[in-house]
Amino acid sequence: MTKKIVYNTLLGVSSMISVEEALEKVLSYVKILEPERKPILDCLGQVLAEDVYSTIDIPPLDNSAMDGYALRAEDTREASESSPRYSVVIGEVAAGSMPTKEVKPGTAIRIMTGAPLPEGADAVVKFEDTDEVSRKSSGKDLSQIGILLHVKKGLNVRRRGEDIAKGELTLKKGTVLRPQEIGELASMGHSTALVIRRPIVAILATGDELIGVDQPLAPGQIHDSNTYTIAAEVSRYGGTPRILGIGRDSVQSLTQKIDEGLDADMLITSGGVSKGDYDVVKDVLAEHGEIGFWTVCMKPGKPIAFGVINKVKGREKRKVPHLGLPGNPVSSMITFEQFARPAILKMMGREALAKPTIRAIIESDITNTDGRRLFARVMVTKRGGQYYASVTGPQGSGILTSMAKANGLAVISESSNGAKGGDVVEVQMLDWGEEQGKAQTSPIVSIVGRSESGKTLLVEQLIAEFKRRGYKIATLKHSHCGVIEVDQPGKDTWKFAQAGSDAVCISSPRKLALIKKADHDLRIDEVLPIIGPEFDLVLVEGFKKSKLPKIEVHRKELGNELLCSPEELSAIVTDGSLDTPLADSYKLPILSWADTAAIADFIEKSFVLNRQSNAS
Ligand code: AMP
Ligand code: MG
């Protein structure tokens, strides 16, 4: 009984908590680790712990961007293919050596890409713009070269310091080192970098039924796979796994194993956290630290233990965060993704912790019966610019093969009872890197005042003033009116547009309208994201040039000619007067203008239901 109180109170949790609350708790218990200096090649994915300034110019000297002839641009002033200008070739310089001569008027130096620009030269003419090839093929020597082109000063010259200037802050503290940053460090001549060190993550599988991968199975046994999945996940996210092996379902066995893991920065166990008789992880941890035993409102992966183990070794005292994942292979992976992965990234000093999500059309029904957040294993594919997600098979929490077939987790909210084929769902992309960069929102300020206080006029004046300062401005007006008028002369939104606002939005209790300046005739794919994904059908009037499925309306008094060719159309709607041979030649469904229901049926069958059944 006392232990139960311990679990429920130490981390202040008694009932089922949300995924966000659980993550917040986990993150509040893990700290950014200390920096270490190490060879740059070992730093991939680590976070820089110092600002790096360049002590050199890169490139260190003006040099050639092409193989060609270095000369004075002025010498080529009248050069053309029909009337070459000839320069005396006074030498040659290759990358890695220094030119020994100065280019004087009327002379040139043959130069290779990357070779320092000789003194006196201010441009490089590439071989193709000289008569070098014809000269060689006609057996002439290269003591002279014909220039076939008038070149400007600076052509094909890479300026000293144009990439990185000496003294420049090249890489800021906090930068995640990717191959390109590692290359930058190398180009500045750094063989090491100061980075936040990688966390050591101890991994312990628990269960009397578990046996090592290299052992034959006896009746009742299974191979321990979680250790491997978790270790691979730890490595994938930049941590160093330390495998503790298999702990048995006894307090003594687990205590001993956990003791071995306490030099680590974090301990991850799997199994032993549900309500079975042998689920002793929580008992062991309650003895050794502050342990929260939670039920998280998610599926799979409801039971999770989390806490800190107080490690006392001699005089050293340390707290080691512990995450007790459920034993079922898929549950342990999905809970790892949601909680252990961000914790590891935080320890590494990473700021972007969220997996990127996309919105995809789900291709079959998913039901969510018990009010928990459902993570469904899906394979996401992109077709015609649209993401689709299909469930990868049986969703039992022991079925690792459906996880292996998945590249994403469709997230169904706890408040939803599921999604129907054709619905748009959010999908966490398992194999994509964490979301980088902060979400961009525009700075915002609201001008308020009583009516007649002159706030509209002030907004107009501010728009004009900020336009003068070169700003791109959006204006948002709140209206209490039921009828929104946009682009109506005299109305506030019109005034804002007149004053120069690049976008004007008006929002009322029930409606929203937006007028946004466009610098070109927008394509439908540029407009659709503004409309939003929540509609069952988008009916478009016009957009004849788009590749959208189209239905053409034909009217007798406008003649027999149609606007579109047959291959562009899905059907023709006519008032009944379409010339029969022509209709036949189009080989398309001909619908009656008067029969709206039939037209709707056609649309429904062809574009709404068809898409869903194709999908399932
Ligand atoms: P538990 O959470 O300990 O009740 O385990 C739940 C299920 O996951 C049981 O069927 C276990 O056999 C299975 N399981 C636990 N640990 C592992 C592991 N390391 N590898 C594979 N399966 C496991
Ligand atoms: Mg077990």
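Indexing begins at 1, ligand by ligand and atom by atom, following the structure's order.
- In summary, the atoms of ligand 1 found under 4.0 Å from a heavy atom of Ala205, numbered by their order in the structure, are 19 (N).
- Taking both residues in full, the closest heavy atoms of Tyr387 and Val380 are given as CD2-CG1, 3.7 Å, listed atom of the first, atom of the second, then distance.
- The local environment of CD in Gln252 is sparse, with at most 12 non-hydrogen atoms from other residues, nucleotides or ligands closer than 6.0 Å.
- A salt bridge does not link Arg242 to Asp265: none of the charged nitrogens lies less than 4.0 Å from a carboxylate oxygen.
- Shortest contact from atom 11 (C) of ligand 1 to any protein heavy atom: Glu209 OE2, 3.0 Å.
- Counting heavy-atom neighbours within 6.0 Å of Leu41 CG, excluding the residue itself, gives a total of 12 or less.
- Per-residue contacts place Asp224 under 4.0 angstrom from the following atoms of ligand 1 (heavy atoms of the residue considered): 18 (C), 19 (N), 20 (N).
- Applying the 6.0 Å contact sphere to CD of Glu260 captures more than 12 heavy atoms from other residues, nucleotides or ligands.
- A distance of 6.0 Å or more separates the ring centres of Phe306 and Phe339.
- Of the protein's non-hydrogen atoms, the one nearest atom 7 (C) of ligand 1 is Asn328 OD1, 3.3 Å.
- Among Gly327, Gly272, Ser225, the residue whose heavy atom lies closest to atom 14 (N) of ligand 1 is Gly327.
- The distance criterion of under 3.5 Å between nitrogen or oxygen atoms is not met by Thr227 with respect to ligand 1.
- Annotation for ligand 1: atoms under 4.0 Å from non-hydrogen atoms of Ile222 are 12 (O), 21 (C), 22 (N), 23 (C).
- Ser187 approaches Ile58 most closely through the heavy-atom pair O-CD1, 3.4 Å.
- The protein heavy atom nearest to atom 16 (N) of ligand 1 is Asn226 ND2, 3.5 Å.
- No part of Ile246 comes within 4.0 Å of ligand 1, judged by heavy-atom distances.
- Residue contact check: Ser274 has heavy atoms under 4.0 Å from atoms 4 (O) of ligand 1.
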